[in-house]
Amino acid sequence: MNIIIPVPKEFGFESCFSFLQRSPKEVLHRCGVNSVRKLVRIHGAVVLFELCPSRDLQLEVKVLNTKLSPNQKKALIRFVTEWFDLETDLKPFYAMAKHDALLKDLVRDHYGYRIVGQPDLFESLVWAVLGQQINVQFAYALKQRFVQQFGNTLVFDDTPYFLFPTPETVAVLNDADLLPLQFSRQKSKYTQLIAQAFVDGELSKEKLSGLPLSEAKEKLMKIKGVGNWTANYALMKTFRYRDAFPLEDAGIHNAIRNLQKMARKPTLAEVKHIFKKYKGWEAYATLYLWKSL
DNA sequence: CGCCAGGTTAGAG
DNA sequence: CTCTAACATGGC
């Protein structure tokens, strides 16, 4: 079954694809030469799909392992649309960024790059915790072990594909399960607390959907281990608030330092000042700055 | 050994 | 609200 998904003019498959390829340890999707395969759960069914650019600059999706009902097909289109943030109109962002000293080269070189999101809130929060205060490479190693050990697997053509572990699975884990994967005690505890919050019904994507940024952030930060950085990460990647951004992020700081050829990293006050110019587009400014690293 | 990496918490000013 | 120290772990 082939599905064609229309994309806006400001969409560049290449830029998004290069993001998907950024770590060989990524286990939640698998890149081919010019395509990506991913396992998702759609209305209870485990669905493996392949996505590639089609001739007329649209996206083509093939489902590999099953047949979808009309409703499931609709949900899959919804998933891909969310994953690549296809509904955001980038014209106003580009109009602003092409006159900005920090962003102008980046938006030219990565035209059409969109925030590749994480539609699953649990995955987004745990991934952010894994990325806290360590290099990204090691974070991918942690995620790989975690997903391979506790996520569901589908083998297709002799190749395994993985789903992110569910909160129910993770909530019953303890330090004895996670420390051997080289989780720090802190990451282990935070991961368990987040899973617990989902299982207890304190937290869900539905509960936060539609809230103003400040309220959604406040609810996320009630969980121990979810600070400003982690909350904003999830708000950008899962809920797609355009004005969310992780102020304390070391990557943002390094990008600014490099682009402005500073001898030191900018202070938080300096970062805030720079981001005032990006009002309403802080999330996209962040992602393009990350692209520069 | 030192410093840094896509931080968080608790506590003081 | 802002600044600081303590914490934790791998990689170069």
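Classification of the A:W83-A:F79 ring pair by plane angle, with boundaries at 30° and 60°, yields tilted. In this pair, A:F183 and A:F146 present their aromatic rings tilted. The plane angle is within the 30 to 60° band. Relative ring orientation between A:F13 and A:F17 is described as parallel, the plane-to-plane angle staying below 30° on a 0-90° scale split at 30° and 60°.
Between A:G251 and A:V226, the residue whose closest nucleotide on DNA chain B is further toward the 5' end is A:G251. Between A:A269 and A:F183, it is A:A269 whose nearest contact on DNA chain C lies nearer the 5' terminus. Mapped onto DNA chain B by nearest heavy atom, A:I223 and A:A128 fall at different nucleotides, with A:A128 at the one closer to the 5' end.
Contacts of A:K187 with the nucleic acid, taken as non-hydrogen atoms under 4.0 Å apart, are absent.
For the pair A:K143 NZ and B:dA5 P, the computed distance is 21 Å after rounding to whole Å. Nucleotide B:dA5 holds its C1' atom 13 Å from the CH2 atom of A:W127, rounded to whole Å. Look at CD on A:E270: it is 15 Å from P on C:dT2, rounded to the nearest Å. In this structure, the CG atom of A:L178 is 17 Å from the P atom of C:dA8, given to the nearest Å. When rounded to the nearest whole Å, the span between CZ of A:R185 and P of C:dC7 equals 14 Å. Rounded to whole Å, the distance from NZ on A:K189 to C1' on C:dA8 is 12 Å. Following rounding to the nearest Å, A:N228 (CG) and B:dA10 (C1') show an atom-to-atom distance of 16 Å. In this structure, CG of A:D249 is placed 10 Å from C1' of B:dG7, rounded to the nearest angstrom.
For A:N254, a side-chain nitrogen or oxygen approaches OP1 or OP2 of B:dA5 to under 4.0 Å. Remark: A:K272 is in phosphate contact with C:dT2, judged by side-chain N or O atoms under 4.0 Å from OP1 or OP2. For C:dC7, the OP1/OP2 oxygens have no side-chain nitrogen or oxygen of A:Q186 closer than 4.0 Å. Regarding contacts with the backbone of C:dC7, every side-chain N or O of A:S184 stays at 4.0 angstrom or more from both OP1 and OP2.
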Residue pair A:Q58, A:I5: steps toward the side chain to side chain contact (heavy atoms under 4.5 Å, CB included) verdict
CA-CA 6 Å; A:Q58 298 180 318; A:I5 300 181; over 6 Å; no
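Annotation: ring pair (Phe, Tyr, Trp, His ring centres under 6.0 Å) contacts involving residues 184-220 of chain A, sequence neighbours excluded, comprise A:F122-A:F198.
Out of B:dT8, C:dG10, C:dT9, the shortest distance to the side chain of A:W229 is found at B:dT8. The side chain of A:K265 lies closest to B:dA5, out of B:dA5, C:dC12, B:dG7. In the set C:dT9, C:dG11, B:dT9, C:dG11 carries the atom at the smallest distance from any side-chain atom of A:N135.
Side-chain to base pairing of A:Q133 with B:dA5: one donor and one acceptor N or O lie within less than 3.5 Å of each other.
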